[in-house]
Amino acid sequence: MKIVAFWLILSGASCTLFGGDLADAPVGIYAAFDEQPPINLASTLEKEIKALLAPLGFATEWRPLDAAGQEVWADLAIVHFRGPCELPNKSVDQVSSGALGWTSVADGEVQPFAFVDCGRIRAFVKRGLAAQAAWRREGLFQRAIARVLAHELYHVLARTTAHGSSGIGEAEITVRELLSDDFHFEGRPVRRLLLSSARALVR
Ligand SMILES: [Zn+2]
C-alpha cells in the first residue's frame, strides 16, 4: 500500500491509503515552523536527514505543511518545529526541561506526527556551543536539530516506541553526542529501519 497525502493533511486527517505500484516512492516529510526559521535551516535539515536515512533505504522529500496537491509517498511524517530554531544574538535562554522531541502514539500505535522543540534543544546545547568557535555554532545547532528530528523519524518510520542502547536511536542523547562530528544510528534501530524500508518496497 502507498500513502497519499491530500489536503486532508491540513485538518489532521493525515493520510489515505490505497494500492499503488510506485515501489520507489520516497518518504514525504511535511514541515511546519512555529517561528520563521533561518533561511539556511531547511537545506541543513535535508542534507543531514538524507545522510542518516539514505544508507538505511529511505529517500526523503520535504514539503511545507501547507503544500497543496496530491503526491504518492512510501511513508509520511508530519513534523512540527516548536520555538526558535535560530541562535540569539545575546544569551537569553533559561534552563529548559522537557523532551527535545516526541512523536504521537495512539492506542499503542506510533502516529506520523513528530515534534521537535528548537527552544529546548537550544537551551540544552547552550553551554556546549559556547565552548565552540563562534563561526561553528549555528551549523552545530542546526545539525543538533536534525539529529533530534532523525530520532523522531526513526519512531515514525520503524513504527516503534523502542530505543537502542547507543546512537541516534537511544532514549537519552547527551549534549556531547548532539554536537559530535560522528553521531549516527547504531544497533537495533539500524536493523528496525532497514526492515521497515525493505517492507515499504513491497507494500
Ligand atoms: Zn525516542
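For this chain, numbers begin at 1 and follow the sequence in order. Quick note: numbers below take in every heavy atom, side chains included, and nothing from hydrogens, waters or symmetry partners.
Connection of L65 to F113 is established within a shared hydrophobic cluster, with ILVMFWY side chains joined at heavy-atom distances below 4.5 Å, either directly or through further cluster members. In the hydrophobic clustering of ILVMFWY residues, with side-chain heavy atoms under 4.5 Å counting as a link, L149 and L41 come out together. Note on I173 and L129: same hydrophobic cluster, where clusters join Ile, Leu, Val, Met, Phe, Trp and Tyr whose side-chain heavy atoms are under 4.5 Å apart, directly or indirectly. Linking ILVMFWY residues whenever their side-chain heavy atoms come closer than 4.5 Å, directly or via other members, places I49 and L194 in the same cluster. Under the 4.5 Å side-chain contact rule for hydrophobic residues, I78 and V105 do not share a cluster.
Pairing each heavy atom of V175 with each of V125, the nearest pair is CG1-CA, 4.1 Å. In terms of heavy atoms, P189 sits closest to G169 at CG-CA, 3.9 Å. Listed here is the closest heavy atom pair of D117 and A99: CB-O, 4.1 Å. When all heavy atoms of S166 and E186 are compared, the pair lying nearest together is OG-OE1, 2.7 Å. Counting all heavy atoms, side chain and backbone alike, L76 lies closest to V156 at O-CG1, 3.7 Å. Of all heavy-atom pairs spanning R143 and S180, the tightest one is NH2-O, 2.8 Å.
Using a 4.5 Å cut-off on side-chain heavy atoms (C-beta onward), T60 and L153 make no contact. Looking only at side-chain heavy atoms (C-beta outward), L178 and V148 come within less than 4.5 Å of each other. The shortest distance between side-chain heavy atoms of W73 and P26 falls below 4.5 Å. Counting heavy atoms from C-beta outward, R192 and L56 have side chains that stay 4.5 Å or more apart. Between E177 and E170 the shortest side-chain heavy-atom distance falls below 4.5 Å. A 4.5 Å side-chain heavy-atom check between Q142 and P38 finds at least one atom pair inside the cut-off. Side chains of T103 and Q111 form no contact here, defined as non-hydrogen atoms less than 4.5 Å apart.
To the nearest 0.5 Å, atom CZ of residue R147 and atom CG of residue L45 are 12.5 Å apart. A distance of 9.0 Å separates CG in L100 from CD in E152, rounded to the nearest 0.5 Å. Atom CG of L179 and atom CG of L140 lie 6.0 Å apart (nearest 0.5 Å). Rounding to the nearest 0.5 Å places CG of L52 at 12.5 Å from CZ of F58. The CZ atom of F81 sits 4.5 Å away from the CZ atom of F33 when rounded to the nearest 0.5 Å. Taken from CD1 in I29 to CG in L53, the straight-line distance is 7.0 Å, to the nearest 0.5 Å.
A side-chain contact (heavy atoms from CB on, under 4.5 Å) with F141 is found for exactly one of R122, Q132, R136, K126, namely R122.
Within 6.0 Å of the CZ atom in R188, the count of heavy atoms belonging to other residues, nucleotides or ligands does not exceed 12. The environment of R82 atom CZ is sparse: at most 12 non-hydrogen atoms of other residues, nucleotides or ligands sit within 6.0 angstrom.
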Worksheet item: Is there a salt bridge (charged side-chain N to carboxylate O under 4.0 Å, His left out) between R159 and D75 once you walk through the steps?
Response: CA-CA 11 Å; R159 307 275 202 279; D75 208 337; 2.7 Å; yes

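Using the six-membered ring where Trp is involved, F185 and Y154 have ring planes that are tilted, between 30° and 60° apart. In this pair, H151 and H163 present their aromatic rings parallel. The plane angle is below 30°, not in the 30 to 60° band.
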